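Labels below follow one simple rule: chain letters A, B, ... track the order of the sequence lines, proteins then strands, and each chain is numbered from 1. The structure presented is a predicted model; accordingly, all values stated were derived computationally and were not measured.
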2 protein chains.
Amino acid sequence: MTETKIPKATAKRLPIYYRYLNILHDSDKNRVSSTELSEAVKVDSATIRRDFSYFGALGKRGYGYDVDSLLKFFKKILNQDKLTNAALIGVGNLGNALLNFNFHQNSNVRISAAFDVRPDLANTVQSGVPIYPMSELRKQLEDQQIKIVILTVPENVAQNVTDDAIAGGVRGILNFTPLRVSVPANVRVQNVDLTNELQTLIYFLDHYNEEE
Amino acid sequence: MTETKIPKATAKRLPIYYRYLNILHDSDKNRVSSTELSEAVKVDSATIRRDFSYFGALGKRGYGYDVDSLLKFFKKILNQDKLTNAALIGVGNLGNALLNFNFHQNSNVRISAAFDVRPDLANTVQSGVPIYPMSELRKQLEDQQIKIVILTVPENVAQNVTDDAIAGGVRGILNFTPLRVSVPANVRVQNVDLTNELQTLIYFLDHYNEEE
DNA sequence: GCTTATTTGTGAAATAATTTTCAATAAAAA
DNA sequence: TTTTTATTGAAAATTATTTCACAAATAAGC
Ligand SMILES: NC(=O)c1ccc[n+]([C@@H]2O[C@H](COP(=O)([O-])OP(=O)(O)OC[C@H]3O[C@@H](n4cnc5c(N)ncnc54)[C@H](O)[C@@H]3O)[C@@H](O)[C@H]2O)c1
Ligand SMILES: NC(=O)c1ccc[n+]([C@@H]2O[C@H](COP(=O)([O-])OP(=O)(O)OC[C@H]3O[C@@H](n4cnc5c(N)ncnc54)[C@H](O)[C@@H]3O)[C@@H](O)[C@H]2O)c1
C-alpha cells in the first residue's frame, strides 16, 4: 500500500499541486516547469522538484513536466480516481455550510451521510445529503463503509461522538471542534481550529513584522 | 516589539496552550505539569517545556507551572488582553457560518464589519455584524483600523479582493479560498483549505497505515 | 549537426523542529 | 532535618525539512 514513505510535509502539499495541475489541464497547457508551478502554489521550486522526486523522475530536463501525465500520476496517488464517501456529524451552523459546499466539485470526496441529535433534523435531506439520527451512526458508517468523518458538534460532546465514530470503523477525522480528541494510534485526526488560526495570525503580525 | 524570535512551530502552538490554561483556570486548578498539559493538548511534554522556555523560566522544578501566572503571561503574549477587530469579506454560505460563530466567546477577536457585493446584503446586519457594500471596504478598514481579514469570497475574485484589502491597510489574511493569493512580504496569509485537508487525510489513511 | 538556453534531479549544506537525557531544584514525606 | 520524589530547563543528539548549487540531460535555435 505504501510505495515509499514520503515526508509528511510533502504529503500535505500534494493536493495543492494536484489542484493546480487540474487548472493547467483545463486550460489546455501541456507542460509546466517547477518555477512556474512555484509561483502559482507559493512553494519554492526546489521544494517542488524535491517533492516530485520522491516519486521518481517525473520530469524531463530542459523541458519541465508533462501536465497530463503528472496529473494522472497524482490522481492515482491521491486516490482521486475513485469516489470517497465521508460522513458529517453535527448539522448546525458550520455543518450546514459544509454540507452545502460541494466538495465533490473540487475533489472526489463527497459527504454521503450526515448525523445530528436534533429530532427535527432526523430523516430530512439537507443539500442533497440524508440526515440520520445518532442512533443510526454505527449502522450507517458500517453499511456505507465510511472511513472519514467531519466533526462539527459542540466541543463538550466531541470526545463521545469521536469514540462512537471510531467504534463504527472510522479511520480519519476532520475535527472542527477546539477539543484535541483522544484516538487510538491507527486513527488520524486533522484539526481545523479557526480560533487558533486567528490567534496565530495576530501573534505573527505582532511579533514577526517586516520580514519573512 | 519582538522579544526574541521564537520558532514558528512554537508560535502555532501558543493558542492551544492558552486555551487549555483557560480551562484549568475556570476549574480552579492552580498548578499544572508539562506531562498533564501534554495529555490534554496532545503535544509531547518535552516540546511543551522547550516551547515555554523560549520565554524564560516560567515553571518551578519539582512543582510545575502556576496556572494563573502562565495564563496571564500568554494572554499578554497573544494580545488577548485587548480586543482585535477583524473584517469578513464574502457573506455567503461559509461567511455566514463564521459570522454566526462568535469568535469573541473563545478569544478576544471579533468580526466587527463584513462586506459583500450583493446589493440586498448591503447595509443590513447579520448576527450582529453590519454588512457594507464593497465600495466602502477601504474606508471602513481604515476608519476601524482593521488589520485582519477573513476571506470567504469565490476563488475567482479572491486576488482582486485581497489587493483591495491590502490597499486598505490589512496585514493578515485568513484565506478560505483555494487560491494561493499573492501578497507583499509584509502581509501574512494563513490558508485554510478544507478540500485539501480532506485529501491529505485520505492520503495518510491510504499510505501511512498502522503507525504514527 | 552544433551550440546555446532551459530545466531537472540530487548530493551536500543549512536550517528547523523534536526528542533524549540528566543535573538542578523544589516540594512532600519521613 | 533529612530523604525521597517530582519536575523543570537546557545541552546534546536526533530527525525532519528546506535550500543551494550544479552536473546532466534535453529542447530549441541556428
Ligand atoms: N460555526 C463556526 O464558524 C465555527 C468556527 C470555529 C469552530 N467551530 C466549532 O465547530 C463546532 C460546531 O459549531 P457550530 O457553530 O456549527 O455549532 P452549532 O451549535 O450550530 O451546531 C452543532 C450541531 O451539533 C448537534 N449536536 C449536538 N450534540 C450532538 C451529539 N451528541 N451528536 C450529534 N450531533 C450533536 C447540534 O444539534 C447542532 O446541530 C463547535 O465545536 C465549534 O466550536 C465552529
Ligand atoms: N462553504 C464551504 O463550506 C467551503 C468549504 C471550503 C472552501 N470554501 C471556499 O470559501 C469560499 C466561499 O465559499 P461559499 O460556499 O461561502 O461561497 P458562496 O458563493 O456561498 O459565498 C461567496 C460570497 O461572496 C460574495 N462575493 C462574490 N464576489 C464578491 C466580491 N467581488 N467581493 C465581495 N464579495 C463577493 C457573494 O455575493 C457571496 O455572498 C470559496 O472560495 C470556497 O471555495 C467554502
Using whole Å, report how far [atom1] of [X] lies from [atom2] of [N].
X     : N      : atom1 : atom2 : answer
A/K12 : D/dT18 : NZ    : P     : 10 Å
A/D66 : D/dT26 : CG    : P     : 15 Å
A/Y54 : C/dG11 : OH    : C1'   : 12 Å
A/I48 : D/dT19 : CD1   : P     : 11 Å
A/F55 : C/dT8  : CZ    : P     : 17 Å
B/F52 : D/dT8  : CZ    : P     : 9 Å
B/D44 : D/dT8  : CG    : P     : 12 Å
A/E36 : C/dT6  : CD    : P     : 14 Å

Using a cut-off of 4.0 Å on non-hydrogen atoms, how would the nucleic acid contact of A/A9 be classed: base, sugar-phosphate, or nothing?
-> sugar-phosphate
Does the base of D/dT18 carry an N or O that pairs as donor and acceptor with the side chain of A/R50 under 3.5 Å?
-> no
Mind checking the CG-CD1 spacing from A/L88 to A/I111? Nearest 0.5 Å is all I need.
-> 5.0 Å
Distance, nearest 0.5 Å, that separates CG of B/L201 from CZ of A/R171 = 10.0 Å
Tell me which of A/G62 and A/G59 sits closer to the 5' end of DNA chain C, going by the nucleotide each one is nearest to.
-> A/G62
Is the shortest distance from a Lys or Arg side-chain nitrogen in B/E155 or A/R19 to a carboxylate oxygen in the other one below 4.0 Å?
-> yes
Charged N to carboxylate O below 4.0 Å: is that the case for B/K29 and B/E36?
-> yes
The side chain of [X] is closest to which nucleotide in this list: [options]?
X     : options                : result
B/K8  : D/dT17, D/dT7, C/dA17  : C/dA17
B/R49 : D/dT8, D/dT17, D/dA24  : D/dT8
B/R61 : D/dT26, C/dA23, D/dT17 : C/dA23
B/R13 : C/dA17, C/dT18, C/dT8  : C/dT18

Assign each of A/T10 and B/K60 to its nearest nucleotide of DNA chain D by heavy atoms, then name whichever residue's nucleotide is nearer the 5' end.
-> B/K60
Under 4.0 Å between a side-chain N or O of [X] and OP1 or OP2 of [N]?
X     : N      : value
B/S53 : D/dT8  : no
A/R31 : D/dA28 : yes
A/S34 : C/dT8  : yes
B/Y65 : D/dG9  : yes

Heavy atoms from other residues, nucleotides or ligands near CD of A/E39 exceed 12 (cutoff 6.0 Å) = no
